[in-house]
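Quick caveat, the model's predicted, so the values are computed rather than measured.
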Amino acid sequence: MIGTVESEPHASAPVLAAYSYCEAVTGQQARNFAYGIRLLPTPKRRAMSALYAFSRRVDDIGDGALATEVKTARLEETRSLLARIRAGTVDEDDTDPVVVALAHTASRFPVPLDALDELIDGVLMDVHGETYETWDDLKVYCRCVAGAIGRLSLGVFGTEPAARGAERAPEYADTLGLALQLTNILRDVREDAQGGRTYLPGDDLAKFGCSAGFAGPLPPADSDFAGLVHFEVRRARALFAEGYRLLPMLDRRSGACVAAMAGIYRRLLDRIEREPEAVLRGRVSLPGREKAYVAVRGLSGLDTRHASRRTVRRRV
């Protein structure tokens, strides 16, 4: 069983201010994520905001316009902040609110800070222009930038004491992260191409005649772009199905949070599947009413019950 902390003792004013800063960053920069964590009790919501704010800082360094060597140096400086947190040398009145909030989170929840090192490793792959020839290659990157976030989140959520198979919870959290990241890659395929990045495996691009890339609003000439998208959608759906086995292991509100965030991305996947070329014209998104429906569905426990039934069928 992975332990968790449901209640929180009095936090000092500097710590509360640090968490407020992280929650503001989360609300402004990650609407889907912020929507999901609203379903959590306050201590867990704050902890998730601290994890997001730190992760966002890492991503912003990688996505910025700085020279490669400067990005690399700044990412290593960010890694050094994790060393300070591990050493317990972050004071509550430190001038960096993200570090203060993350240090407090690490003291309250069993979050695997090594996963944030993996995130930095993944962003360094971006900085150095890594490309991926096979799905196995891409999985390494996805596990760094998204699977790691799944494992960190599990440290905040914890697992239920009587949950069967809870020793596999980190594996399922990691797999769910892969599903979310692959959905992101499909959604952002043109935006990434304009930034000089290609994430989809080279083998898959060649198979469907898409090796020329996606710099414009139309697929490459004579390609089977829809076939490529549908192929990757099936892969993502298989990852979601495996990752959803985590849901019955979580308490109701944590399960609702995960179901809401994953549900939003599954619905994005549905839209991409229905109209593959939409991702070449702009970012596919969901209206607020649809997100609200996903949240209600998560709170109802419907996704958790479905996941439980699938797990039982597999055992029989």
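Side-chain contact between M249 and F157: absent, with no pair of heavy atoms (C-beta onward) separated by less than 4.5 Å. Between K44 and I37, every side-chain heavy-atom pair lies at or beyond the 4.5 Å cut-off. No side-chain heavy atom of V279 sits less than 4.5 Å from a side-chain heavy atom of L186. Between F240 and L180, some side-chain heavy-atom pair lies under the 4.5 Å cut-off. Two residues are said to be in side-chain contact when any heavy atoms from C-beta on lie closer than 4.5 Å; V189 and V229 fail this criterion.
The distance from atom OH of Y172 to atom CG of L154, rounded to the nearest 0.5 Å, is 12.5 Å. Going from atom CG of L40 over to atom CZ of R46 covers 12.5 Å, rounded to the nearest 0.5 Å. One finds the CH2 atom of W135 at 5.0 Å from the SG atom of C142 (value rounded to the nearest 0.5 Å). The CD atom of E118 lies 4.5 Å from the CZ atom of R151; values are rounded to the nearest 0.5 Å. Between T89 atom OG1 and D91 atom CG the span is 8.0 Å, to the nearest 0.5 Å. Taken from CG in L269 to CD1 in I264, the straight-line distance is 13.5 Å, to the nearest 0.5 Å.
Between the side chains of D96 and Y21, not a single donor N or O lies within less than 3.5 Å of an accepting N or O. Defined by atom type and a distance below 3.5 Å, a donor-acceptor pair is missing between the side-chain atoms of T175 and E242.
Under the 4.5 Å side-chain contact rule for hydrophobic residues, L200 and V140 share a cluster. Note on L280 and F231: same hydrophobic cluster, where clusters join Ile, Leu, Val, Met, Phe, Trp and Tyr whose side-chain heavy atoms are under 4.5 Å apart, directly or indirectly.
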Inset, instruction - Begin from the C-alpha positions of D63 and R56 and carry the test salt bridge (charged side-chain N to carboxylate O under 4.0 Å, His left out) through to its verdict. - result: CA-CA 10 Å; D63 291 338; R56 181 72 192 199; over 6 Å; no

Tabulate below the donor-acceptor pairs under 3.5 Å that side-chain atoms of residues 205-219 make, not counting sequence neighbours, or state none.
none

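Sequence neighbours left out, the pairs with a member in residues 51-73 that pass ring pair (Phe, Tyr, Trp, His ring centres under 6.0 Å) are F33-Y52. Residue pairs satisfying the salt bridge (Lys or Arg N to Asp or Glu O under 4.0 Å) criterion with at least one member in residues 64-74, sequence neighbours excluded, are absent.
The main-chain N or O of R38 is never found under 3.5 Å from a side-chain atom of R45 such that the two would form a donor-acceptor pair. No donor-acceptor distance shorter than 3.5 angstrom exists from the side chain of D188 to the backbone of E191, with no hydrogens or angles considered.
When the salt bridge (Lys or Arg N to Asp or Glu O under 4.0 Å) test is applied to D204, the partners found at least two apart in sequence or on another chain are R235. By the side chain to side chain donor-acceptor pair (under 3.5 Å) test, R84 is found to be paired with D94, residues two or more places apart in sequence or in another chain being considered. Under the rule for a salt bridge (Lys or Arg N to Asp or Glu O under 4.0 Å), D203 has no partner lying at least two apart in sequence or in another chain.
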